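Labels below follow one simple rule: chain letters A, B, ... track the order of the sequence lines, proteins then strands, and each chain is numbered from 1. In this text, all values refer to a predicted model and were calculated from it rather than measured experimentally. Any value given below was found using the heavy atoms of this structure, including those in side chains, with hydrogens, waters and symmetry copies removed.
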There are 2 protein chains.
Amino acid sequence: MEDVSNQDQAIELLQQLGLKEYEAKSFVALARRQRGTAKDISETSDVPRTRVYDAIRILESKGLVETQHSNPQIFRAVSIDEAVNTLQSEYVDRAESLRSALSGLDPTDEGDSTEATHEVWSISGDQGITSRTRQLIEGATEELILVVGHNSIFTDRLAEQLQSAQEHDVNVIIGTIDEDLQATIQDALPSVEVFVSGLDWLSRSPLPDDDTEISRLLLADREAILVSSFTETRADGREHEQGVFGRGFDNGLVAITRRLMATGLLSVNDPEAEEA
Amino acid sequence: MEDVSNQDQAIELLQQLGLKEYEAKSFVALARRQRGTAKDISETSDVPRTRVYDAIRILESKGLVETQHSNPQIFRAVSIDEAVNTLQSEYVDRAESLRSALSGLDPTDEGDSTEATHEVWSISGDQGITSRTRQLIEGATEELILVVGHNSIFTDRLAEQLQSAQEHDVNVIIGTIDEDLQATIQDALPSVEVFVSGLDWLSRSPLPDDDTEISRLLLADREAILVSSFTETRADGREHEQGVFGRGFDNGLVAITRRLMATGLLSVNDPEAEEA
DNA sequence: CAGCTATTCACTCACTTAATCACAATACTT
DNA sequence: AAGTATTGTGATTAAGTGAGTGAATAGCTG
């Protein structure tokens, strides 16, 4: 039973890696049974028998399957490592080619202004947000204030980046929304100041019907800010992370966040000053 | 002019990496001009203006573009390294997931026979053939006879593999079809015996209208053979490599090749014996 | 408010892929 | 040797996806 899900996952992954549905199903069927005829494959993969041949031919040209031209033909899948490496290197190679092709582009003269301050950019998706977070952490020279709103975003890699920043004399301060998370992070980064945020609205929206959840909040050198949150917009139920990013000491977003963070910090260090 | 080709190549690569045409074109346009409005992008990419928005939204969710929600909206591409790394890691991650999903498949009981000797398998495409070549080289314990029919297949990696084999006491013998190639290979692998094949039919087919060209021919431990050739079957003009692979000392293909190779070697070492 | 631009949305067309069928070729059976 | 089942190829249809286009909406400028 567990394997059914494994199989479906493999098929889906293969499709994401560029194979068609029939190709993916045929390959998985072959990988399971080591060798087989078109009929065999059709039976264990519900690919129409007459279409197995086309699918196999594509797989063969990609180096994932070998064919014995007997009658009936017998097909064999290469080893799993073999297959994965083949697919992977195909994409790694493409990515390298892409890098050089992009580098060789001649820039159009227009629009090439330097990064303006006081702008707000929005980004979306875990990938981009994580990437921008890293950039900000690496670029900081003085201070990093990070509020972690969800344990899923505190990855090993993030911990490394923060550690590295601190070793470069950046003052790292981390806020969390509850004690559990605080303990986890303090554990991973003993030399960093980790506190539980005094800002209630971080963990619970004051508004009703607000199903967004603060994901991360990063203030770098008090002049660049990144805020992201999870929203459950999608019909498919999956959460999507959205964020905004601003730079410049006089950037409105940065300014207000700076104030808020100061408040949050104060309320921890000096509860009396909460009203500031 | 050169850059036009660079741009087209970048677009094609991006599509191969999973982006749609509009997405790829929009990204390249943005990468060239650093930042721009939908109008700007449309003009430098001939993507219909009205569809730039959709494309950008996808790019944003993939972490390749950031958006400034002004009016008009302004878009900005992340750095080239940023973008390439993002795309690449996406696929590397998928490949890793695939590896574990495939490993976790439960094998069907049937068809799971061990590799029979005296079978001939056919493979197709540079990828698979190169991969199978590597396997044979790595698995050899006594002797490797390789005939290189085309300089494109003698890669650095192949040279390394051969070098490594020889260091494991495998007797490596390399045949070529002309002196130029011989010199190149001898240069890369000084300690290996490189000769010009005495087999005329390797370089020129005795048949008319035969536009196939022997690509590689590998005999491992005199019991496994791989032969491949280029055929110009495709309508798109591109050449395609096809090959066959057999194992087993008594395999018909292996036997005949063994004889042929012996003849070729003899005719070089001892021209008198060509009639053997 | 009028006229413009920017943005979104809905729709058509073309192309790719999934699915089914008809038929030819090959092997197997009696 | 003839008939039957199985295998392989090609043609055909149906469904889905993406490219391309235009209409409708929203927002800005004067």
Side-chain angles (χ1 to χ4, degrees), chain A residues 8 11-12 14-30 33 35-62 65-76 111 120-122 124 233 235-236, chain B residues 8 11-12 14-30 33 35-62 65-76 110-111 120-122 124 233-236:
Chain A
D8 291 348
I11 292 172
E12 195 179 323
L14 283 165
Q15 288 187 260
Q16 289 175 344
L17 286 164
L19 299 191
K20 307 300 172 203
E21 182 182 336
Y22 284 172
E23 295 157 19
K25 285 184 177 173
S26 296
F27 180 78
V28 170
L30 251 193
R33 63 196 334 288
R35 62 167 52 195
T37 65
K39 190 182 176 189
D40 296 331
I41 294 172
S42 171
E43 281 165 3
T44 55
S45 70
D46 65 294
V47 172
R49 188 188 57 83
T50 62
R51 300 284 89 213
V52 169
Y53 303 99
D54 309 66
I56 292 287
R57 219 164 286 147
I58 306 282
L59 291 172
E60 194 186 323
S61 76
K62 293 191 187 243
V65 162
E66 292 169 356
T67 304
Q68 184 180 341
H69 286 278
S70 49
N71 195 312
Q73 292 175 232
I74 296 175
F75 309 107
R76 179 171 75 175
V120 178
W121 296 85
S122 81
S124 132
T233 105
D236 59 357
Chain B
D8 290 349
I11 292 172
E12 196 179 324
L14 283 166
Q15 288 187 259
Q16 288 176 345
L17 286 164
L19 299 193
K20 308 299 174 204
E21 183 182 334
Y22 284 171
E23 293 157 20
K25 285 184 177 174
S26 296
F27 180 78
V28 170
L30 251 192
R33 64 197 334 288
R35 62 166 52 197
T37 65
K39 190 179 176 189
D40 297 332
I41 294 172
S42 171
E43 281 164 3
T44 54
S45 71
D46 65 294
V47 172
R49 191 180 358 216
T50 64
R51 300 302 303 280
V52 169
Y53 304 98
D54 310 66
I56 292 287
R57 219 165 287 146
I58 307 284
L59 291 172
E60 195 187 322
S61 76
K62 292 189 188 250
V65 162
E66 292 168 354
T67 303
Q68 185 181 340
H69 285 281
S70 48
N71 195 309
Q73 291 175 228
I74 297 176
F75 309 107
R76 179 169 76 173
E110 333 179 45
V120 178
W121 296 87
S122 81
S124 130
T233 104
R234 316 291 203 64
D236 60 357

Contact list (N/O, under 3.5 angstrom) for nucleotides 16-19 of chain D vs protein:
residue: dG18(D); atom: OP1; partner: K20(B); partner atom: NZ; Å: 2.7
residue: dA19(D); atom: OP1; partner: E21(B); partner atom: N; Å: 2.8

Under the criterion side chain to side chain contact (heavy atoms under 4.5 Å, CB included), I'd like the reasoning laid out for K20(A) against I58(A): C-alpha separation, chi angles, the key distance, then a yes or no.
CA-CA 10 Å; K20(A) 307 300 172 203; I58(A) 306 282; over 6 Å; no
Using the side chain to side chain donor-acceptor pair (under 3.5 Å) criterion, which residues pair with E43(B)? Sequence neighbours excluded.
none
Quick one: which of dA6(C), dG8(D), dT21(D) gets closest to the side chain of Y53(B)?
dA6(C)
Whole-Å gap separating P (dG8(D)) and NE2 (H69(A))
10 Å
Return the value, rounded to whole Å, for the distance between atom CD of Q73(A) and atom C1' of dT9(D).
11 Å
Return the value, rounded to whole Å, for the distance between atom CD1 of I11(A) and atom P of dA18(C).
12 Å
With sequence neighbours left out, write down each residue that passes side chain to side chain donor-acceptor pair (under 3.5 Å) with E23(A), or none if nothing qualifies.
none
Quick check on Q73(A): does its CD atom have over 12 non-hydrogen neighbours (other residues, nucleotides or ligands) under 6.0 Å away?
yes
When the nearest nucleotide of DNA chain C is assigned to E23(A) and to A38(B) on a heavy-atom basis, which residue is associated with the more 5' position?
A38(B)
Could you state the NZ-P distance from K25(A) to dA18(C), rounded to the nearest angstrom?
9 Å
Send over the distance from Q68(B) CD to dA6(C) C1', rounded to a whole Å.
15 Å
Which is true for T50(B) with a 4.0 Å heavy-atom rule: it touches a base, it touches only sugar-phosphate, or it touches nothing?
base
Applying side-chain contact (heavy atoms from CB on, under 4.5 Å), can you list everything that pairs with E60(B), at least two apart in sequence or on another chain?
S122(A), S124(A), T67(B)
First encountered from the 5' end of DNA chain C, between D54(B) and R49(B)
R49(B)
The side chain to side chain donor-acceptor pair (under 3.5 Å) partners of S42(B) (sequence neighbours excluded) come to none
Identify, with sequence neighbours excluded, every residue that meets side-chain contact (heavy atoms from CB on, under 4.5 Å) alongside V47(A).
Y22(A), K25(A), S26(A), S45(A), R51(A), V52(A)
Whole-Å distance, I74(B) CD1 to dA6(C) P, equals 11 Å
Does the protein touch nucleotides 25-30 of chain C at the base, only the backbone, or not at all? Give it as B, S and - per nucleotide, heavy atoms under 4.0 Å.
-SS---
Would you say the side chain of L59(B) lies within less than 4.5 Å of the side chain of L19(B), judging by non-hydrogen atoms?
yes
With sequence neighbours excluded, tell me which residues meet side chain to side chain donor-acceptor pair (under 3.5 Å) with Q16(A).
R94(B)
